[in-house]
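I have placed the structure first, in the form of structure tokens, so that the comments after it can refer back to it.
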Amino acid sequence: NLSVELDLHTNDEINELATSIQRLANELNFMKKERNEFLASVAHELRTPLTFIRGYADIATRASISEEERTKYLHIITEEADHITKLVEELMLLAQMEQHNFHIQKQITSIESLLSNVYEKTLPTLLEKNIKLTINCEEDLTANIDKIRIEQVLFNLIMNSFKYSSSNSFIQITVSSSDQNLQLVIKDYGDGIPQEDLPHIFKRFYRVDKSRTRSKGGTGLGLAIAYDIINLHNGTISVGSEVGQGAIFTIIIPL
Ligand code: ADP
């Protein structure tokens with residue numbers, strides 16, 4: 001009797017163990033697949049600018065071309081090299097954040113001064129398309145945040161709004177607070193994002209339209225970085241959009 005009972009007990013345990021191992025194996029396979037896809041994306045993202053550099057370097061060294069053409073090709077080479085540098089820097093930052101090697105440096109920060117920095121930094125670019133940035137912020141608002149990193153997130157979001165908006169458009173930032181949270185809303189009236197892409201746009205290298213984005217010089221990592229930085233603040237970042245109506249990003253950070 002005892003042995004039967006023991007067997008049954010053991011069988012249950014073995015089944016449970018088998019299920020756990022199966023689940024673990026599935027998770028590992030999933031992670032392996034994700035890692036391979038990520039490596040393939042990195043390789044692809046690096047190969048494209050390298051192909052440009054190789055091609056234009058070839059042409060630029062030809063004796064038959066004019067000095068003006070040579071300057072133009074060297075300029076393209078510099079831009080592509082800069083793109084690779086940005087890509088590598090962003091990848092390193094993401095790797096650090098995901099390895100938990102990265103510590104945000106929180107300090108009590110005046111939100112108005114943070115926004116004024118962001119305004120100054122984005123203004124020259126916004127002027128290129130005569131896009132107007134308006135900022136609405138509660139007075140004397142402060143929060144315990146990593147000033148540099150939150151500035152970086154806002155800068156990235158505004159640059160995205162700029163990239164996907166047409167000339168003479170508007171970008172609006174609204175900041176408010178409650179007892180518990182700081183809320184930052186960034187709204188534009190640009191191309192917008194299709195519904196089916198919305199759940200994916202915070203993933204590394206995810207782009208709505210690869211060809212469109214490539215011509216706009218993005219790395220496809222900006223939103224993944226924003227997501228990780230907000231996550232390190234225990235906050236959330238979300239997006240709402242309709243094609244042709246613009247996009248709206250909402251950041252909520254616990255105070
Ligand atoms: P990228 O460097 O390509 O801009 P991001 O991670 O910043 O990479 O954004 C991912 C993708 O999300 C972009 O390629 C673009 O398709 C879409 N996107 C992000 N912000 C906006 C926006 N404000 N309006 C329209 N599309 C956007």
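Computed from a predicted model, the values in this text were never measured in an experiment. We count ligands from 1, going down the list as the structure has it; atoms in each ligand are counted the same way.
Under the 4.5 Å side-chain criterion, counting only non-hydrogen atoms from C-beta, Gln105 is not in contact with Ile148.
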Between Asn26 and Gln22, is the side-chain hydrogen bond (donor to acceptor under 3.5 Å, both in side chains) condition met? List the steps.
CA-CA 6 Å; Asn26 289 345; Gln22 188 58 52; 3.2 Å; yes
Between Asp188 and Phe162, does a side chain to side chain contact (heavy atoms under 4.5 Å, CB included) hold up when you go through it step by step?
CA-CA 8 Å; Asp188 67 54; Phe162 168 81; over 6 Å; no
Can you list the steps and then say if Thr219 with Leu91 is a side chain to side chain contact (heavy atoms under 4.5 Å, CB included)?
CA-CA 10 Å; Thr219 57; Leu91 280 171; over 6 Å; no
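In this pair, Tyr189 and Phe170 present their aromatic rings perpendicular. The plane angle is above 60°, beyond the 30 to 60° band. Between His200 and Tyr206, the two ring planes are tilted [angle within 30° to 60°].
Ligand-side atoms of ligand 1 in range of Tyr206: 10 (C), 11 (C), range being under 4.0 angstrom from any heavy atom. Of all atoms in ligand 1, listed by their number and element, those nearer than 4.0 Å to a heavy atom of Gly218 are 2 (O). Atom numbering of ligand 1 starts at 1 in the shown order; those under 4.0 Å from a heavy atom of Arg207 are 3 (O), 14 (O).
Contact analysis puts Gly192 in contact with ligand 1, with a non-hydrogen atom separation below 4.0 angstrom. The closest approach between Ile193 and ligand 1 falls below 4.0 Å for a heavy atom of the residue. For Lys163, the closest heavy-atom approach to ligand 1 falls below 4.0 Å.
Of the N or O atoms in Gly220, one or more lie within a sub-3.5 Å distance of an N or O in ligand 1. Of the N or O atoms in Asp191, none lie within a sub-3.5 Å distance of an N or O in ligand 1. Residue-to-ligand polar distances keep Ala247 apart from ligand 1: every N/O pair is separated by 3.5 Å or more. For a threshold of 3.5 Å applied to N or O pairs, the pair formed by Ala224 and ligand 1 contains no separation below that value.
Taking each of Phe202, Tyr164, Phe205, Tyr227 in turn, the one with a heavy atom nearest to atom 24 (N) of ligand 1 proves to be Tyr164.
By the criterion of a heavy-atom distance under 4.0 Å, the side chain of Asp188, and not its backbone, is placed next to ligand 1.
Look at Glu67 and Arg70 and you find a salt bridge, because one of the NZ, NE, NH1 or NH2 atoms lies within 4.0 Å of a carboxylate O, short of that distance.
Hydrophobic clustering of Ile, Leu, Val, Met, Phe, Trp and Tyr side chains at less than 4.5 Å, counting indirect connections, unites Ile251 with Leu198.
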